[in-house]
J.: 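Structure in structure tokens, see below.
Both counts, for ligands and for their atoms, begin at 1 and track the order of listing.
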Amino acid sequence: MAMLKVDDINVYYGAIHALKGISVEVNQGEIVTLIGANGAGKSTTLRTISGLLKPKTGHIMFEGQNIAGTAAQNIVKLGISQVPEGRRVFAHMSVLENLDLGAYLRSDTKEIKADMDLVFGRFPRLAERRSQLAGTLSGGEQQMLAMGRALMSRPRILLLDEPSMGLAPLLVKEIFSIVKDINANGTTILLVEQNAHMALSIANKAYVLETGRVILSGDAKELAASEEIRKAYLGG
Ligand SMILES: Nc1ncnc2c1ncn2[C@@H]1O[C@H](COP(=O)(O)OP(=O)(O)O)[C@@H](O)[C@H]1O
Ligand SMILES: [Mg+2]
């Protein structure tokens, strides 16, 4: 059984039909990526999984339970955590306060402290800047903080929305290597990216979205090698 099964969801913003029967499956332990052009429906898919939008039809099964329409904070409690597009850290709060907020649904103080130490171990730059205001961090550091904040809820699956957006190539590499590492430590990953090349290089499976539909899916390495994908998404 898939850990997460998005089954034929239709999602609207008012009259705009954003997702037209999207289905996506993620198995425990995998990195699965959603790629596709701007406006394809990638973020909408993640927002619907995390309970910020409700599908008009279709199901979202997480570990056997239909979570479509469940309140966002209950979805976090079930073990699904999202890092939104554009990071959205709290600029006027410190690194430490931002991380604390990631654990706001938890009360296991000792374990929260231990998880905070794990986040600082994973992101030494955040440890050095723990008292600094988040708004004064670089783009890459803000992405690390957003990921650290999401990890503070101890997710079983982490949803990442374009973590490489706007970052210099070296930092993009660093972020992708961190994503791989988080996955190797047991967290399942659903990764949305416009950087198809990098995403396909670390993913097990991929789905290509176009105007609210899945137009292709399969093994990430096979997709990366396909003519169609190379032409449309990998610059030839
Ligand atoms: N808040 C919104 N209100 C209305 N339409 C939206 C909103 N957010 C996204 N859309 C529309 O939904 C479609 C999918 O957008 P989105 O999921 O953001 O795509 P992607 O993340 O792949 O770039 C697009 O047509 C977009 O214009
Ligand atoms: Mg998006």
Side-chain angles (χ1 to χ4, degrees), residues 4-26 31-60 62 67-72 75-76 80-89 139-140 142-147 149-150 155 157-167 171-172 175-176 178-179 189-203 205-218 220 223-224 228-235:
L4 176 69
K5 187 176 157 89
V6 175
D7 184 14
D8 198 18
I9 56 169
N10 280 280
V11 177
Y12 293 75
Y13 294 100
I16 298 168
H17 193 178
L19 301 187
K20 300 165 183 161
I22 294 267
S23 296
V24 168
E25 278 191 34
V26 184
I31 299 180
V32 174
T33 187
L34 310 182
I35 58 177
N38 207 7
K42 305 181 298 297
S43 295
T44 303
T45 303
L46 291 196
R47 279 189 224 124
T48 308
I49 295 167
S50 51
L52 302 172
L53 294 167
K54 189 174 157 40
K56 190 159 191 180
T57 62
H59 300 97
I60 302 175
F62 180 64
I67 58 163
T70 300
I75 287 182
V76 174
I80 301 177
S81 188
Q82 185 180 359
V83 181
E85 189 176 310
R87 359 272 193 217
R88 295 204 218 120
V89 296
Q142 289 191 16
Q143 182 60 45
M144 291 173 192
L145 179 55
M147 287 166 73
R149 185 178 60 189
I157 180 166
L158 188 61
L159 315 180
L160 295 164
D161 198 345
E162 302 211 29
S164 77
M165 191 197 268
L167 301 183
L171 265 169
V172 171
I175 293 290
F176 274 89
I178 291 167
V179 171
I189 307 273
L190 180 56
L191 169 69
V192 159
E193 264 298 334
Q194 278 201 57
N195 191 335
H197 183 74
M198 289 295 281
L200 291 173
S201 78
I202 67 164
K205 255 174 16 204
Y207 292 82
V208 182
L209 271 61
E210 205 174 282
T211 57
R213 291 193 172 87
V214 174
I215 55 153
L216 267 176
S217 64
L223 284 180
E228 200 177 348
I229 294 290
R230 291 220 314 270
K231 278 201 180 124
Y233 301 99
L234 303 174

J.: Taking G36's backbone N and O only, do any of them form a donor-acceptor pair with K42's side chain (distance below 3.5 Å, no angle check)?
T.: yes

J.: Does the side chain of P163 reach to within under 4.5 Å of the side chain of L191, using non-hydrogen atoms?
T.: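 Contact flag for P163/L191 side chains = yes.
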
J.: Would you indicate whether the side-chain heavy atoms of L159 and S50 approach each other to under 4.5 Å?
T.: yes

J.: Can you name the residues that come within less than 4.0 Å of ligand 1, going by heavy atoms only?
T.: Y13, I16, A18, A37, N38, G39, A40, G41, K42, S43, T44, R47

J.: Compare every heavy atom of A203 with every heavy atom of T33, then report the nearest pair and how far apart it is.
T.: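 Minimum heavy-atom contact is CG2-CB, 3.7 Å.
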
J.: When you compare the side chain of E25 with that of D7, does any pair of heavy atoms fall below 4.5 Å?
T.: no

J.: Mind listing the protein N/O/S atoms less than 2.8 Å away from the Mg ion (ligand 2)? Waters don't count.
T.: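 Those protein N, O or S atoms (cut-off: under 2.8 Å from the Mg ion (ligand 2)) are S43 OG, E85 OE1.
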
J.: So with a 6.0 Å cut-off around NZ of K5, is the heavy-atom count from everything else above 12?
T.: no

J.: Nearest 0.5 angstrom please: I60 CD1 to K54 NZ, how far?
T.: 10.0 Å

J.: Sequence neighbours left out, what passes salt bridge (Lys or Arg N to Asp or Glu O under 4.0 Å) with E162? Give chain and number order.
T.: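 By the salt bridge (Lys or Arg N to Asp or Glu O under 4.0 Å) rule, E162 matches no residue at all.
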
J.: Apply side-chain hydrogen bond (donor to acceptor under 3.5 Å, both in side chains) to T211 and list each qualifying residue two or more places apart in sequence or on a separate chain.
T.: none

